[in-house]
Enquirer: 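Sharing a structure below in structure tokens format, with a few things to ask.
Both backbone and side-chain heavy atoms feed into the values below; hydrogens, waters and symmetry mates do not.
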Amino acid sequence: AKKKVTVHRSADEIASFLQTLEAESASYRQICAHFNPKAASQDVRREVEANPTKFSIIGDTVTLRDPLRKEALSCLIKELVRQPLQRQEIKADEACEAIWCAAAFAIKASPAEVVKVLLTVAKNTLKKKAKVPKGYYPVNMALVLTCIIDRIMVLEKQQGGHAMFEKAFSPHLHKILMSRWMMGTVHGSQFLANMILTWDSLGWFQEQHLLQCKKALMLLVAYAGKEGVADNPDKSLGHGWYKIVAREAEQLEGSEAICSDSQLKELQEMTAGEDKKATSEAEARRERAMHSLAQMGLGGEKKPEVTKQPADELFEPSEEPGTAELFGSPVKAAGNGPEAAPDDEEVALFGDPAEKETLAYEHADSEAATQPYESQASQQATQMYQDEPPSKRARLEENSQTAPGGST
């Protein structure tokens, strides 16, 4: 039988695995199965029990105990109770520093614990604008929580690795942001709608969880385009809450719903430049491929361009052919109908019959010139008949009548 190979795992390796879990806890069997080759259960138990400050054991479950995470969570809570966040209505310019500091501490804490803190804050948020009692938060605290979540997501994407905060936030987005928000009470519904559209465009969080938030803002989201909901003048100028969640130049794509007019123009110029560069690169690759095919004799050379005739000219009737094109020479033979024009080969062999039998029309000045040309013998007989005296003409006519071919 094959002997099972096991490798000893250190406390840091076990802690790294627990950090990838939402609850940061797992059973001994799950910890052993995670490693490859599989870790020995006895070695894992011995390592966990030797580090009580890093791990806590409840039954068969090991939970990560990180002092730094606990301290980061305490700092997060302190940032959420600062003076700018305790006014009747929070102002974006005053809350910017508290929001960024809260996100910086939250990213170092446990995702599950951060979610619990934000749910508690959302539960204690007022529904109407009023003086804030101790332990409660102003009516527009949902805008602050939205900015904190967005900043945490940006930091997590920059760090890479497992999307722990995204998985932890997604099922609770509606409770954190929309459970106490009422449209029309204070200004900020447009900003919330644009943030939801931005997260959807970037592919953050699960679609079903974002849909719950969209339903609460359906009047604004229903007809929103790629550039989000109009929220002038803050959105067009990049002021107010939009300044807190503003993106860097390389992060503008997908965040059009929260971009200012200047950022949208910059994004369009970047996109146009990239499209032009991609087109030129594709054309260069095509030319190299065609050149290689031509060298190998595979028909890679460019074909001559053929000018296509418009469709309306394809069926346009041509000019009617002339009489000479159909029947040849317009000269009529004596006693017969029109004759077909002779072929070039016949003319080369036998000559043109029209030149032999007819007079040239271009030199004719009278109607006689258009008559058929008589032979030389016929002309001589006619001349002799006309030269005879009138007394002999009757005898000549009689002889011609009694001739073998004449009539009796």
Enquirer: Search all heavy atoms of P138 against all heavy atoms of Q88 and return the closest pair with its distance.
Expert: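 Shortest heavy-atom contact: CB-O, 3.6 Å.
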
Enquirer: Kindly compute the distance separating CD (Q190) from CG (L220), expressed to the nearest 0.5 Å.
Expert: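 Between Q190 CD and L220 CG, I get 5.5 Å after rounding to 0.5 Å.
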
Enquirer: Work out which heavy atom in S189 is nearest to a heavy atom in G184; give both atom names and the distance.
Expert: OG-N, 4.3 Å

Enquirer: Has the side chain of N124 got a donor or acceptor atom that lies under 3.5 Å from a matching backbone atom of T120?
Expert: yes

Enquirer: Restricting to non-hydrogen atoms, name the atom on I90 and the atom on W241 that form the minimum distance, rounded to 0.1 Å.
Expert: O-CZ2, 3.7 Å

Enquirer: Less than 4.5 Å apart, any side-chain heavy atom of K54 and any of D12?
Expert: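 Side chain of K54 against side chain of D12, heavy atoms only: contact under 4.5 Å found.
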
Enquirer: Counting only heavy atoms not in F35, do more than 12 sit closer than 6.0 Å to its CZ atom?
Expert: yes

Enquirer: Quick check on side chain to side chain contact (heavy atoms under 4.5 Å, CB included): which of L76, I148, I107 does V114 satisfy it with?
Expert: L76

Enquirer: Charged N to carboxylate O under 4.0 angstrom, E94 versus R87?
Expert: yes

Enquirer: Looking at T125, L118, T146, which hits side chain to side chain contact (heavy atoms under 4.5 Å, CB included) with I176?
Expert: L118

Enquirer: Mind checking whether F55 and L18 have side chains closer than 4.5 Å, heavy atoms only?
Expert: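 Touching, per the 4.5 Å side-chain cut-off.
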
Enquirer: Distance from R45 atom CZ to I31 atom CD1, nearest 0.5 Å?
Expert: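 Between R45 CZ and I31 CD1, I get 10.0 Å after rounding to 0.5 Å.
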
Enquirer: Applying side chain to side chain contact (heavy atoms under 4.5 Å, CB included), run through Y137 and V81 and close with a yes or a no.
Expert: CA-CA 9 Å; Y137 295 89; V81 294; 3.7 Å; yes

Enquirer: Counting only N and O atoms by type, is there a donor-acceptor contact under 3.5 Å from the side chain of T61 to the main-chain atoms of I57?
Expert: no

Enquirer: For E97, look at atom CD and say whether over 12 heavy atoms of other residues, nucleotides or ligands are found less than 6.0 Å away.
Expert: no

Enquirer: Would you say the side chains of W199 and D150 form a donor-acceptor pair under 3.5 Å?
Expert: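 Short answer, yes.
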
Enquirer: Are more than 12 heavy atoms, taken from residues, nucleotides or ligands other than R82, located less than 6.0 Å from that residue's CZ atom?
Expert: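 Atom CZ in R82 is crowded, with more than 12 foreign heavy atoms closer than 6.0 Å.
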
Enquirer: Are K214 and D200 ion-paired here, with the side-chain N under 4.0 Å from a carboxylate O?
Expert: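 Counted as a salt bridge, because a side-chain N and a carboxylate O are separated by less than 4.0 Å.
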
Enquirer: Does M153 reach the side chain of K157, with side-chain heavy atoms less than 4.5 Å apart?
Expert: yes

Enquirer: Might you work through the side chain to side chain contact (heavy atoms under 4.5 Å, CB included) test for T198 and I196, ending with a clear yes or no?
Expert: CA-CA 5 Å; T198 300; I196 298 298; over 6 Å; no

Enquirer: Determine whether F17 and R9 satisfy the following criterion, side chain to side chain contact (heavy atoms under 4.5 Å, CB included), listing intermediate values before the conclusion.
Expert: CA-CA 11 Å; F17 166 64; R9 299 297 176 177; over 6 Å; no

Enquirer: Quick one: does W204's side chain get under 4.5 Å of L210's, heavy atoms only?
Expert: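 No, too far: nothing below the 4.5 Å cut-off.
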
Enquirer: Output yes when a side-chain donor or acceptor of E269 lies under 3.5 Å from a complementary backbone atom of E266, and no otherwise.
Expert: no

Enquirer: Looking only at heavy atoms, what is the nearest atom pair of P111 and A168, with distance?
Expert: CB-CB, 3.9 Å

Enquirer: When rounded to the nearest 0.5 angstrom, what distance separates CG in D60 from OH in Y28?
Expert: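 Rounded to the nearest 0.5 Å, the CG-OH separation comes out at 7.0 Å.
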
Enquirer: Roughly how far, to the nearest 0.5 Å, is SG of C101 from CZ of R151?
Expert: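 Going from the CZ atom of R151 to the SG atom of C101 covers 10.5 Å.
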
Enquirer: How many angstroms lie between atom CG of L80 and atom CG of L145, to the nearest 0.5 angstrom?
Expert: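 Here the rounded value is 7.5 Å.
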
Enquirer: Taking atom CD of E207 as the centre, report whether more than 12 heavy atoms of other residues, nucleotides or ligands fall under 6.0 Å from it.
Expert: no

Enquirer: Report yes if the side chains of D234 and F191 come closer than 4.5 Å at any heavy-atom pair, otherwise no.
Expert: no

Enquirer: Report yes if some heavy atom in the side chain of I77 is under 4.5 Å from a heavy atom in the side chain of F105; otherwise report no.
Expert: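 Side chain of I77 against side chain of F105, heavy atoms only: no contact under 4.5 Å found.
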
Enquirer: Quick one: SG on C213 to CE on M195, what's the gap to the nearest 0.5 Å?
Expert: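 C213 SG to M195 CE: 11.5 Å, rounded to 0.5 Å.
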
Enquirer: Within the side chain of T185, is there an N or O that forms a donor-acceptor pair under 3.5 Å with the backbone of M182?
Expert: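 At least one qualifying donor-acceptor pair exists.
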
Enquirer: Minimum heavy-atom separation for A224 to V229, with atom names?
Expert: CB-CG2, 3.9 Å

Enquirer: Is there a donor-acceptor contact under 3.5 Å linking the side chains of H187 and D231?
Expert: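 Present: a donor and an acceptor within the cut-off.
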
Enquirer: Which heavy atom of S179 sits nearest to which heavy atom of K127, and what is that distance?
Expert: O-CE, 4.5 Å

Enquirer: Can you check side chain to side chain contact (heavy atoms under 4.5 Å, CB included) on F165 and L155, steps first, answer last?
Expert: CA-CA 10 Å; F165 281 94; L155 294 175; over 6 Å; no

Enquirer: Any side-chain heavy atom of M178 sitting closer than 4.5 Å to one from L173?
Expert: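 Not touching, per the 4.5 Å side-chain cut-off.
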
Enquirer: Counting neighbours of CD on Q251 that are heavy atoms of other residues, nucleotides or ligands and sit closer than 6.0 Å, is the number greater than 12?
Expert: yes

Enquirer: Under 3.5 Å, side chain of K235 to main-chain N/O of C259, donor-acceptor pair present?
Expert: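 At least one qualifying donor-acceptor pair exists.
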
Enquirer: Does some side-chain heavy atom of E47 sit less than 4.5 Å from a side-chain heavy atom of I14?
Expert: yes

Enquirer: So among K226, R247, Q263, Q268, which one has a side chain to side chain contact (heavy atoms under 4.5 Å, CB included) with E256?
Expert: K226

